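Worksheet: the structure to be examined is printed underneath.
Note that this is a predicted model, so its numbers are computed, not measured. Numbers restart at 1 for each chain; the letters A, B, ... are given by sequence-line order, proteins then strands. Just so you know, these numbers use all the heavy atoms, side chains as well, and skip hydrogens, waters and symmetry mates.
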Amino acid sequence: MEFGFSEEQLMFRESVYKYAKNEIVPFCEEADLKAEFNAEVWKKLGDMGLLGLPFPEDYGGSGADVVTCCLAGEALGHAGVDSGHMLALGAHTYLCTDTLFKHGNENQRKRYVPKLASGEWIGCMGLTEPGAGSDAASIQTTAIKKGDRWILNGSKTFITNAPVSDVCVVYATVDKSLKQSGITAFIVEKGFKGYSTGKPFHKMGVRASATSEVILEDCEIPEENLLGEVGHGFMYTHETLSWDRSALLAPYVGGMMFMIDQCARYATDRVQFGKPIKAFQAIQHKLADIKVTMEASRLAVYRVAYDKDAGLPLNHMHTSIAKAFVGDWGMQAASDAVQIFGGYGYIHEYPVERLLRDAKLGQIGGGTSEIQRFIISRVMSL
Amino acid sequence: MNYSLNDVQKSIKDNLSTFCNKELAPRAPLLDTASHEEVQVLIKENIKKLATIGYLGMPHEDKYGGTNLDLLSQAIAGEEVARTCASTFLSAGASNGLFGMPLKMFGTDEQKDKYLPGIIKGELIGSFGLTEPEAGTDAAAIKTTAVKKGNEWIINGSKTFITNAPITDVCLVMAYNDKAAGPGSGVTAFVVERDTPGFVVGKPFDKLGFRGSPTAEIFLEDCKVPQSAVLGQVGAGFIQAMQTLEYGRIGMATVSLGIAVACMDAANAYSKERKAFGKPINRYQEISFKLADMMIMTDIARMLIQKAAWAKDVKDPESAIFASCAKLFASESATKIASMAIQVFGGYGYIKEFPVERLYRDAKLGEIGEGTSEIQRVLIAKSILNKIH
C-alpha cells in the first residue's frame with residue numbers, strides 16, 4: 001500500500017493551487033453572488049489545461065491519469081474556487097467529453113474532443129428527466145430512426161452547463177419496453193433543429209454553474225451523431241461513475257482543506273472573553289472533526305482514482321462509499337465550518353457560507369445518498 | 001498510489017481469519033461471562049494460541065523469535081483477532097505491544113534477551129503501568145516516585161486500569177525520579193517483575209466490557225528494583241511512554257474496527273434470516289440502510305487505520321495525527337455501529353445469547369482507552385492551529 005504522491009504530482013498540485021488562488025478565486029465570490037457562469041474563469045481553466053487533462057495530447061489533452069485529475073480538482077477546491085465552476089468543469093470534462101472520447105468513432109473524436117478539451121466548446125450530459133432521477137432507467141425521451149436521421153422527443157432537467165453549452169451527450173430510448181437496454185447516447189449540437197435549453201434554475205448552491213432543462217422537440221440528429229451502439233447508453237452512464245466518484249468529488253475534498261485553513265485563521269484572529277476562540281474546546285472539537293472528515297474523504301476518493309488507474313473493474317462498494325461519505329459527512333463538516341465563524345459564517349463575504357450551500361448538493365447530485373446506501377446494502381445482501 | 005494489499009498481507013489476513021474463527025471466536029462468549037479466576041486461565045490460553053501462529057512476534061525482531069513485520073501487516077492481522085475476541089486482542093496487545101514495544105525500542109540487550117522471547121512465546125505476560133487514580137489523560141501528573149538508594153531504586157505509588165495486572169509476570173512502571181525536572185526528563189520507566197516484594201496487584205475490576213481482559217490496580221509499596229531495571233536511560237520514561245502510546249493508538253483503532261466488523265457481520269446475517277411481514281428484514285430500508293452505514297463507517301475506519309500504519313512505517317512527520325484521526329473515527333463509529341446492530345436484532349439484541357450486546361459493551365472502551373476522544377480532538381486541533389501564526 002502506498003498513500004503518498006510523487007514529487008511530480010505534488011508540484012503539479014501546487015501549480016494548480018497557486019494559479020487558482022491568483023487567477024481564478026478573485027472572480028468566485030461575485031460569480032456565486034450573482035449566480036453567473038463566468039466565461040473568464042472558464043477560459044483560465046482552459047488555459048491551464050484543466051478542462052482536458054485526461055485526454056491524449058493529440059486531442060488537446062495532457063494524458064493525465066485519474067489521480068492527477070483528482071489532484072487538480074482538489075487544488076482548485078483548496079484554493080477556494082467556487083463549487084459552481086468546479087462542477088461545470090467536472091460535468092464538461094468527465095461526464096461529457098470523456099464519454100464522447102471513450103465511445104466516439106474517430107470522426108466524432110476529431111470533431112469534438114480538441115475543442116472541448118481546450119474549453120472553446122462547453123459540453124454537458126443529459127440523462128436526468130423530470131420523471132426520472134434516481135430511477136434513471138425509466139427515462140422517457142424517445143429516439144426514432146427516420147431515414148438518415150434520428151428524431152428525439154422529450155425533456156431533460158437539472159442539466160449542468162446546458163444554458164452555456166455547445167455540445168450535449170443526450171440519452172434517449174429507442175424502445176421504452178427494453179428499459180436500460182433501449183437507452184442510447186447521441187451527440188447533440190446547440191444549433192440542431194428542435195434542441196433548446198430552458199431558463200437557468202435559481203439554485204441554493206453551485207450558483208455559478210448554469211443549470212437548466214433541455215428540450216427536444218422533434219430534434220433532428222444526423223445518424224453520424226449516434227454515439228457508440230444502440231442500446232448501450234445506460235452502460236456508458238455507469239462507466240462515468242468512476243470519474244463521478246473520484247474527479248468530481250475531489251473538489252469537495254479540497255473544499256474541506258479550504259474550510260480548515262479558513263476556520264483555523266478565523267479562530268486564531270477572533271477574540272472573545274479575552275481569548276482567541278481557538279482556545280475553547282468547542283471550537284477545537286469542530287476543527288478536529290472537519291480534519292478527520294477531510295482525511296477520510298481523501299482516502300475514499302483516491303481509492304476510486306487508484307482503482308481506475310490500475311485498470312481494476314468498477315467497484316460499486318468503493319464508488320458508493322466515497323459518494324455517501326463525502327456527501328453526508330461533508331455536509332456536517334460545512335455546517336461545523338459555518339458554526340466556527342458564528343454570525344460571520346452566515347454572510348456571503350465569508351466563503352464558508354457558500355460552502356454550506358454547495359455541500360448540500362453532494363448528498364443529492366450525481367446519485368443521492370439514499371441510492372448509495374441502496375447499492376451498498378444490495379451488495380451486502382448477496 | 002496503491003490501495004491493494006500485497007500477497008503477503010493477503011495471506012496474513014486469510015490465515016489469521018481462519019485461525020481466529022476457529023480458536024478464538026467460539027470462546028469469546030465464555031470469556032465474557034466467566035469468573036475472574038476462570039478468565040485469567042482462559043485469556044492466558046488464548047494468548048498462547050496467538051503465539052503458535054506467530055502473532056505475538058509480528059512487531060519483533062527475529063533474534064527474539066519475531067517476524068519483524070510492518071505495522072500495516074500487524075493491523076491487518078489485528079483486525080481478525082479483534083473481530084473474533086476483543087478481550088484477547090487487548091490483553092495480547094498490552095503484553096507484546098505496550099510492554100514489548102518499549103523493550104524493543106528502548107531496552108538494553110540484557111532486558112530484551114531476558115523478557116522478549118517469553119513475551120513472544122506467550123509464556124510471559126507483560127503490562128504497562130502509567131495511568132494512576134489521579135492521572136489519566138494528564139499523564140504528566142503521575143505521583144509515583146522512584147528514589148535511588150545505592151544501586152537500587154525504591155518505588156512508591158499506585159497505578160490503575162492496568163490491563164493484564166492480575167496475570168502479569170512483568171510490568172513497565174513509570175515513576176518520577178525527579179519531579180522538579182518535569183515530565184520531559186524527570187520520569188523513568190522500570191521493568192518490574194511480579195514477585196518483587198512491594199509489588200502488589202489489586203482485585204480485578206468488574207468492567208462493563210472487555211470482561212475477558214483482566215484489569216486491576218497495582219500498588220508499589222517501597223518496591224525495590226535494581227539499577228538494571230531502568231529501561232534504557234534514567235529520565236527518558238515519559239517520552240518512551242508517549243512514543244509507545246502512538247502504537248497503542250493504532251492498536252485501539254484496530255480493536256474498535258474489529259468490534260464494529262463483528263457487529264456488522266452479525267447484523268447482516270441476522271437480517272437475511274429474520275422475517276417480518278413476509279419478507280426478510282433486510283428488504284426494509286430502515287434495516288438495510290443501517291447495514292449500509294455500518295459498511296461505510298467500517299470501510300472508512302479501515303482506510304484511516306491503514307494510512308496511519310503506513311505513515312508510521314514510512315516515518316511520515318504527520319503520522320501521530322493520522323493515528324489520532326484513525327482512533328477517533330474508528331472508536332466513535334464502533335459505538336454507533338454496535339448500537340445499530342442491537343437495533344437490527346431487535347429484542348434478540350438485548351439478550352446475552354446473541355453476541356451484539358457484548359460487542360456493544362466492548363465498543364465503549366474504544367472512546368476512552370489509549371487516549372480519550374476528547375484528547376484526540378485536542379491534539380488534532382492543535383496540529384492545525386500550531387501552523388497558523
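- Here A:E295 is the residue among A:K286, A:E295, A:R298 with the most heavy-atom pairs under 4.5 Å with chain B.
- The candidate from A:K278, A:H285, A:K291 with the greatest count of non-hydrogen atom pairs under 4.5 Å with chain B is A:H285.
- Counting heavy-atom pairs closer than 4.5 Å to chain A, the top-ranked of the candidates B:A326, B:A309, B:S383, B:A381 is B:A381.
- Within a 6.0 Å sphere centred on CD of A:E2, heavy atoms belonging to other residues, nucleotides or ligands number more than 12.
- In this pair, B:F329 and A:W329 present their aromatic rings tilted. The plane angle is within the 30 to 60° band.
- For the pair A:F3 and B:Q306, the minimum side-chain heavy-atom distance is below 4.5 Å.
- If you measure heavy-atom distances from B:I300 to chain A, the contacts under 4.5 Å come from the side chain alone.
- Taking CE from B:M1 and CG from A:D307, the interatomic distance works out to 12.0 Å, rounded to the nearest 0.5 Å.
- Within a 6.0 Å radius of CD in A:Q9, other residues, nucleotides and ligands contribute more than 12 heavy atoms.
- Around NZ of B:K382, the count of heavy atoms belonging to other residues, nucleotides or ligands within 6.0 Å does not exceed 12.
- Other residues, nucleotides and ligands contribute more than 12 heavy atoms inside 6.0 Å of the CE atom of A:M317.
- Counted within 6.0 Å of CZ on A:F55, heavy atoms from surrounding residues, nucleotides or ligands total more than 12; the atom is thus considered enclosed.
- Only the side chain of B:L328 comes within contact range of chain A, with heavy atoms under 4.5 Å apart.
- Between atom OG of residue B:S4 and atom CE of residue A:M1 there is a gap of 7.0 Å, rounded to the nearest 0.5 Å.
- In terms of heavy-atom pairs under 4.5 angstrom with chain A, the leader among B:D293, B:N282, B:L5 is B:D293.
- For the set A:L299, A:I376, A:L287, A:V379, the count of heavy-atom pairs under 4.5 angstrom toward chain B peaks at A:L299.
- A donor-acceptor pair under 3.5 Å is formed between the side chain of A:R265 and the backbone N or O of B:H389.
- The OG1 atom of A:T268 sits 5.5 Å away from the CD1 atom of B:I388 when rounded to the nearest 0.5 Å.
- In this structure, A:Q284 and B:R377 have side chains that are not in contact, with every pair of non-hydrogen atoms separated by 4.5 Å or more.
- Using a 4.5 Å cut-off between heavy atoms, A:S381 touches chain B through backbone and side chain atoms alike.
- Between A:D261 and B:K387, no side-chain nitrogen of the basic residue sits less than 4.0 Å from a carboxylate oxygen of the acidic one, so the salt-bridge criterion is not met.
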Residue pair A:M380, B:M295: steps toward the side chain to side chain contact (heavy atoms under 4.5 Å, CB included) verdict: CA-CA 9 Å; A:M380 290 174 76; B:M295 178 59 82; 3.7 Å; yes

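- In this structure, no portion of B:M294 lies under 4.5 Å from any heavy atom of chain A.
- The local environment of CZ in A:R270 is crowded, with over 12 non-hydrogen atoms from other residues, nucleotides or ligands closer than 6.0 Å.
- For B:L379, no part lies under 4.5 angstrom from a heavy atom of chain A.
- Heavy atoms closer than 4.5 Å to chain B are found nowhere in A:Q372, neither backbone nor side chain.
- The candidate with the highest count of non-hydrogen atom pairs below 4.5 Å against chain A, out of B:L291, B:I296, B:I380, is B:I296.
- The heavy-atom pair separating A:S377 from B:S288 by the smallest distance is CB-O, 3.4 Å.
- Sparse packing is recorded around CZ of A:F374, with 12 or fewer heavy atoms of other residues, nucleotides or ligands lying under 6.0 Å away.
- Only the side chain of B:L72 comes within less than 4.5 Å of a heavy atom in chain A; its backbone stays farther off.
- Of all the listed residues (B:F322, B:W310, B:F289), the one sharing the greatest number of non-hydrogen pairs under 4.5 Å with chain A is B:W310.
- Taking the six-membered ring for Trp, B:Y3 and A:Y302 have ring centres at least 6.0 Å apart.
- A:F280 CZ: more than 12 foreign heavy atoms inside a 6.0 Å radius.
- The contact between A:A264 and chain B is made by backbone and side chain atoms together, counting heavy-atom distances below 4.5 Å.
- With a 4.5 Å cut-off on non-hydrogen atoms, B:K272 touches chain A through its side chain but not through its backbone.
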